[in-house]
Amino acid sequence: MTTITARRRRGNVLTLAMLAFLIYFLMPLFWLFVASTKTTGDLFSSFGLWFADDFSLLSNVRATLTYGDGVYVRWLLNTLLYAVTSAGGAAALAALGGYGFAKYRFRGDRALFGLVLGSIMVPTTALAIPTYLLFSKVGLVNTPWAIILPSLVSPFGLYLMRVYAQDAIPDSLLEAARIDGAGEFGIFFKVVLRLLMPGVVTVLLFTLVATWNNYFLPLIMLNNPSLYPVTVGLASWSSQSAAGGGATGDLLALVVTGSLLSVVPLVAAFLLLQKYWQSGLTTGGVKQ
Amino acid sequence: MRRARTWTGYLFVAPFLVVFVAMLVVPLAYAAYLSLFKDQLIGGTVFGGLDNYARALTDSRLLDGVWRMARFFLTQVPIMLGLALFFALALDSGVLRLVRLFRLGIYIPYAVPSVVAALMWGYIYGPSFGPLAQLADKLGISSPNLLSGDFALGSLANVVTWEFTGYNMIILYAALRAIPPELYEAAAVDGAGPWRTAWSVKIPAIRSALLLTVIFSLIGSFQLFNEPQLLQRLAPNVIDSSYTPNLYAYSLAFTSQEVNYAAAVSFLIGLVIVIASYTVLLATNRRSKP
């Protein structure tokens, strides 16, 4: 009896402490939402964590989407294009490769896998500058390929897919399919891929987030604003609004509202695909 | 049959490896090659051997940045991973209520692009319409400038902590969920309480996941770029162009056009990260051996 009340009390204290932390993690997003409902004037004159008298969210959204001939919409579409093609390509390469490393023995397989695994530690930024120089030689700078091609390699994705394939694909299933006379690639596309799907979605999601959030690479690769992804676009608006005073003052409300709009799709994706990113992290984090 | 299957193995891994070589190995090799040359006013680009590296190792702007990131790693990462571990243990404790809400709420910042996170916190820190300054003003106290010399690194650490605590929490929580129940039974027989169980059963059992989060945080700290680059506009005198090693490499390559030296610097940053990661790995491996 006493242990049950003790447990309950402990649960209450813990829940209260966690609520305090939750406020810290959600406060900035709440601020962002509140700020998106204000005119630039109200941003300065009203208290930041509560709404002003005028609720201007819709007019802010309209202004954000139409400013500069709708350049923000363009940025969103660019981000979508870069993120979806990179994530799709990276997941496909990782699925094929991870399955290959998990289920086939060939000369040098361990060394090759070790090389890929070691490259997880290579910082992306050590690569970005030489990649830029190489791309500028072959004329790929200032094209969508400059963002998509480097994002196709996901060593961590390959590692996840290998671990996943090892567990999810029983060898007996492959043997049975071979005895039935199926070819190796037929087996992969007809039998294996379906079983690998949860892992593929996990890698897809991680690469999607990485490309969606990518800033350094597009910052150095692109100087044509109509190719910017939303991250670089918002950063350029913010530096304009910081540099100019009155004339560009209204950009501030656009930066804030644009930030809010750019967050919504990813948060939605995370809420909808919870099952996948959680199972994927289990695979990656627990296995040695 | 065996032989045929060997070739199929190559075919499966070939697409990944081709892109891997083109986008990772070739740029790295090119950076290594570039770093051996130097630009001179007279004579253009000439072979310089390891001159760029010698210059980098005595470049106080680079060394200051590396030292700053080492300090960042030694202060921010323990706080972030300590919080993440605490949250993961709380979620796994069985007595916490609203588990789903906490798990999602703390993880959500990870879905926010770092550009947006930095812009947002920059405004929140700001003196003109940031809620922190407004609150301080209402209470009649003067709020410190959160982006001044004394506070900038801490303010930066706060942004990074906000972004990545939830991500690390989820990795650790997933590892906790995978602990075999037999381990708990033994602890229960010994009469261990919840703290004791956490300390002597749960934490040792998720060692490899903890190690993974340390390594990822190490890589993240030493290549910090987005957050300082965006906060720079709010505090250009404090966060200068060599505040982090990566900012420095960027400004070398694109502002001062010293491409060869920039290649050497980014190569060295990579080397620092790899050496530091292996040090962490070796140190923990040695300790775990009887």
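Reminder, nothing fancy here: chain letters follow the sequence lines and each chain counts from 1. Because only heavy atoms are used, hydrogens play no part in the values below, and waters and symmetry mates are left out as well, while side chains stay in.
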### Heavy-atom contact with chain A under 4.5 Å, split by part of B:Val115
side chain

### Query
In terms of heavy-atom pairs under 4.5 Å with chain A, which of B:Gln229, B:Gln223, B:Arg177 leads?
B:Gln223

### Message
Can you confirm whether B:Tyr278 is buried at OH, in the sense that more than 12 heavy atoms of other residues, nucleotides or ligands lie under 6.0 Å from that atom?
### Response
no

### Interface moiety of A:Leu14 toward chain B, non-hydrogen atoms closer than 4.5 Å
both

### Heavy-atom proximity to chain B below 4.5 Å, by part of A:Val13
neither

### Query
Would you say the ring centroid of B:Phe12 lies under 6.0 angstrom from that of A:Phe106?
no

### Task
Might you point out which heavy atoms bring A:Ser241 and B:Tyr123 nearest each other, and give the distance in Å?
OG-OH, 4.4 Å

### Summary
Under 4.5 Å to a heavy atom of chain A? For B:Asn158 that would be both

#### Entry: Close side-chain approach of B:Val13 and A:Phe101, heavy atoms under 4.5 Å
yes

### Task
Would you mind checking which part of A:Leu219 comes under 4.5 Å of any heavy atom in chain B, side chain (CB onward), backbone (N, CA, C, O), both or neither?
side chain

#### Entry: Winner by heavy-atom pair count (cut-off under 4.5 Å) against chain A, out of B:Ala263, B:Pro194, B:Ala205
B:Pro194

### Summary
Interface check, chain B: of A:Ile220, A:Val256, A:Val209, A:Leu49, most non-hydrogen pairs under 4.5 Å belong to A:Ile220

### Query
Which bit of A:Leu260 comes within less than 4.5 Å of chain B, counting heavy atoms only: side chain, backbone, both or neither?
neither

#### Entry: Under 4.5 Å from any heavy atom of chain B - which part of A:Phe216
both

### Query
Between B:Tyr167 and A:Phe206, what is the ring plane arrangement, given parallel below 30°, perpendicular above 60°, and tilted in between?
perpendicular

### Summary
Counting heavy-atom pairs under 4.5 angstrom with chain A, the leader among B:Val19, B:Leu96, B:Ile219 is B:Leu96

### Query
Which region of B:Leu83, side chain (C-beta onward) or backbone (N, CA, C, O), has a non-hydrogen atom less than 4.5 Å from a non-hydrogen atom of chain A, or is it both or neither?
side chain

### B:Arg97 backbone acceptor or donor facing A:Thr15 side chain under 3.5 Å
yes

### Query
What option among A:Leu96, A:Leu19, A:Leu266, A:Leu115 has the most heavy-atom pairs under 4.5 Å with chain B?
A:Leu96

## Note on the structure
The interface call for A:Asn12 against chain B, heavy-atom contacts under 4.5 Å, is both

#### Entry: Best-contacting candidate, B:Ala90, B:Ala22, B:Ala253, B:Gly220, against chain A by heavy atom pairs under 4.5 angstrom
B:Ala90

### Message
At a 4.5 Å cut-off on heavy atoms, which part of A:Val232 comes close to chain B: side chain, backbone, both, or neither?
### Response
neither

### Summary
Applying a strict 4.5 Å limit to non-hydrogen atoms, the region of B:Leu17 in contact with chain A is side chain

### Task
Measure B:Ile106 against the heavy atoms of chain A and call it side chain, backbone, both or neither at under 4.5 Å.
both

### Message
Can you tell me which of B:Asn246, B:Ile269, B:Val274 forms the most heavy-atom pairs within a distance under 4.5 Å of chain A?
### Response
B:Asn246

### Query
Taking the side chain from A:Tyr215 and the backbone from B:Glu227, do they hold a donor-acceptor pair closer than 3.5 Å?
no

### Task
Describe, in one word, how the ring planes of B:Phe254 and A:Tyr132 are oriented to each other, choosing from parallel (under 30°), tilted (30 to 60°) and perpendicular (over 60°).
perpendicular

### Message
For chain A, which candidate among B:Phe216, B:Phe267, B:Trp121, B:Phe87 shows the most heavy-atom pairs at distances under 4.5 Å?
### Response
B:Phe87

## Note on the structure
Heavy-atom closest pair (A:Leu134 atom, B:Pro27 atom, distance to 0.1 Å) is CD1-CA, 3.9 Å

